[in-house]
Amino acid sequence: MTIRASDAAGSGRRELGSRAVSDEPLPPRQRLAAMRQVYGSVGLSEADLAPTWSAMLERWLGEAEAGGILEPNAMVVATADADGRPNARTVLLKGLDETSLTFFTNYDSAKGQELAVNPVAALLFPWVELQRQVRLVGPVHRLDAAASDAYFASRPYGSRLSALASPQSRVLADRAQLEAARDALAARYPEGGDVPRPENWGGYVVVPDTVEFWQGRADRLHDRLVYRRGADGAWVTERLAP
Ligand SMILES: Cc1cc2nc3c(=O)[nH]c(=O)nc-3n(C[C@H](O)[C@H](O)[C@H](O)COP(=O)(O)O)c2cc1C
């Protein structure tokens with residue numbers, strides 16, 4: 001039988017897309033193996049591609065926004081330390097142009113330290129509800145200070161104080177330590193006045209050389225189309241096996 005949302009609510013079980021669920025609740029590990037969405041037949045063909053990766057990403061970002069995705073500009077940023085140990089976390093895309101993507105963070109954070117020794121990142125937009133993902137890889141550099149100042153100044157007062165108060169990725173004794181630091185800064189920089197951008201907070205610019213657009217298809221025969229910059233600097237598009 002297929003459990004309806006109302007049944008699932010009554011029994012404490014969740015609806016798992018279109019899959020058939022037996023009356024007996026499965027243990028969590030088996031539930032993971034059984035979760036299965038049927039993907040659509042709407043494909044991504046070479047003819048659908050915009051002339052550039054950035055125009056294509058802009059189009060899909062617009063469709064993610066129109067499709068009701070919560071925080072469509074949320075993306076996973078993967079970095080690695082000097083030993084190649086990987087790390088990933090979500091940030092918000094705050095700038096996109098023909099050559100690059102920009103996000104903002106603390107330069108002394110774990111990601112900042114990893115980018116200092118290994119200035120390359122992989123980005124991932126996981127638009128699962130649309131059966132889409134976009135993956136990008138490329139070198140990273142810091143945004144210039146004036147542009148970071150301008151973006152910092154545009155942020156809400158509370159966010160600016162928090163950026164100043166939080167030694168991102170460091171161990172805290174407790175939450176009270178963080179709130180005390182924020183309150184002290186609020187007393188020093190009252191609302192309505194200037195809050196200086198911390199020197200260790202600013203933008204990173206990712207300049208992708210590989211950008212993949214993935215569209216889920218029926219029977220897991222998905223579409224993967226990639227824009228890749230070759231050694232001569234020219235962009236080519238390729239189809240990858242799913
Ligand atoms: C939806 C979402 C958006 C986020 N946006 C940012 C962001 O723009 N910048 C940022 O530094 N952290 C952001 N975070 C928090 C990061 O995921 C992460 O916890 C933080 O940057 C510390 O990561 P690190 O210790 O690996 O450097 C966001 C988290 C979520 C879930």
Side-chain angles (χ1 to χ4, degrees), residues 54 57-58 60-97 99-179 181-182 185 195-208 211:
S54 58
L57 179 57
E58 211 165 326
W60 273 26
L61 269 167
E63 290 174 10
E65 203 176 353
I69 301 289
L70 183 68
E71 308 239 59
N73 58 330
M75 58 182 187
V76 175
V77 178
T79 51
D81 68 14
D83 298 326
R85 181 180 162 89
N87 205 351
R89 76 292 285 164
T90 309
V91 302
L92 296 177
L93 174 70
K94 286 293 171 180
L96 171 65
D97 63 22
T99 57
S100 67
L101 304 91
T102 301
F103 65 92
F104 291 88
T105 193
N106 185 307
Y107 292 137
D108 295 330
S109 65
K111 73 182 89 50
Q113 292 183 31
E114 287 152 6
L115 287 170
V117 295
N118 192 4
V120 61
L123 308 177
L124 169 72
F125 292 89
W127 296 318
V128 179
E129 292 90 336
L130 300 181
Q131 301 164 7
R132 284 179 173 175
Q133 70 176 352
V134 180
R135 298 165 60 177
L136 310 95
V137 187
V140 181
H141 62 264
R142 287 188 185 188
L143 186 67
D144 65 79
S148 288
D149 283 342
Y151 176 69
F152 187 77
S154 78
R155 302 182 81 210
Y157 172 69
S159 304
R160 282 179 283 154
L161 278 187
S162 298
L164 210 54
S166 171
Q168 193 176 58
S169 313
R170 300 279 161 79
V171 175
L172 297 171
D174 50 25
R175 182 166 177 95
Q177 181 189 348
L178 186 62
E179 292 183 358
R182 191 265 322 272
L185 287 162
V195 180
R197 174 178 67 87
E199 274 186 17
N200 64 357
W201 190 99
Y204 279 112
V205 181
V206 183
V207 184
V211 184

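Every value quoted in this text rests on a predicted model; they were computed, and no experiment measured them. Start at 1 and go down the list; that is how both ligands and their atoms are numbered.
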* Asked: Among protein heavy atoms, which sits nearest to atom 6 (C) of ligand 1, and what does the distance come to when rounded to 0.1 Å?
  -> V91 CA, 3.5 Å
* Structure fact -> When rounded to the nearest 0.5 Å, the distance separating CZ of F104 from CZ of R197 is 9.0 Å
* Between CG on residue L115 and CD on residue Q113, distance to nearest 0.5 Å -> 10.5 Å
* Asked: Heavy atoms only: which of M75, Q168, E114, K111 is nearest to atom 27 (O) of ligand 1?
  -> K111
* In the protein, what heavy atom is nearest to atom 8 (O) of ligand 1, and what distance, to one decimal place, separates them? -> L92 N, 3.1 Å
* Structure fact -> protein heavy-atom neighbour closest to atom 11 (O) of ligand 1 works out as T105 OG1, 2.6 Å
* To do: For D83 and R85, indicate whether the former's side chain and the latter's backbone hold a donor-acceptor pair under 3.5 Å.
  => no
* **Nitrogen or oxygen of N87 less than 3.5 angstrom from that of ligand 1** => no
* Asked: Looking at atom 31 (C) of ligand 1, what's its closest protein heavy atom, distance included?
  -> T90 CB, 4.0 Å
* Asked: Stepwise, does the side chain to side chain contact (heavy atoms under 4.5 Å, CB included) test hold for V77 with V206?
  -> CA-CA 10 Å; V77 178; V206 183; over 6 Å; no
* To do: Please assess L93 against F125 for the test side chain to side chain contact (heavy atoms under 4.5 Å, CB included), listing each intermediate value before the final yes or no.
  => CA-CA 10 Å; L93 174 70; F125 292 89; 3.8 Å; yes
* With T79 as reference, evaluate N87, N118, V140 under the side-chain contact (heavy atoms from CB on, under 4.5 Å) test and give the passing residue. => N87
* To do: Identify the protein heavy atom lying closest to atom 24 (P) of ligand 1, giving its residue, its atom name and the separation to 0.1 Å.
  => S169 OG, 3.5 Å
* To do: Looking only at protein heavy atoms, identify the closest one to atom 18 (C) of ligand 1 and say how far it is in Å.
  => R89 CG, 3.9 Å
* Asked: Atom OG in S148, atom OH in Y204: separation rounded to 0.5 Å?
  -> 10.0 Å
* To do: Compute the shortest N/O to N/O distance between F104 and ligand 1 and return yes if it is under 3.5 Å, no if not.
  => yes
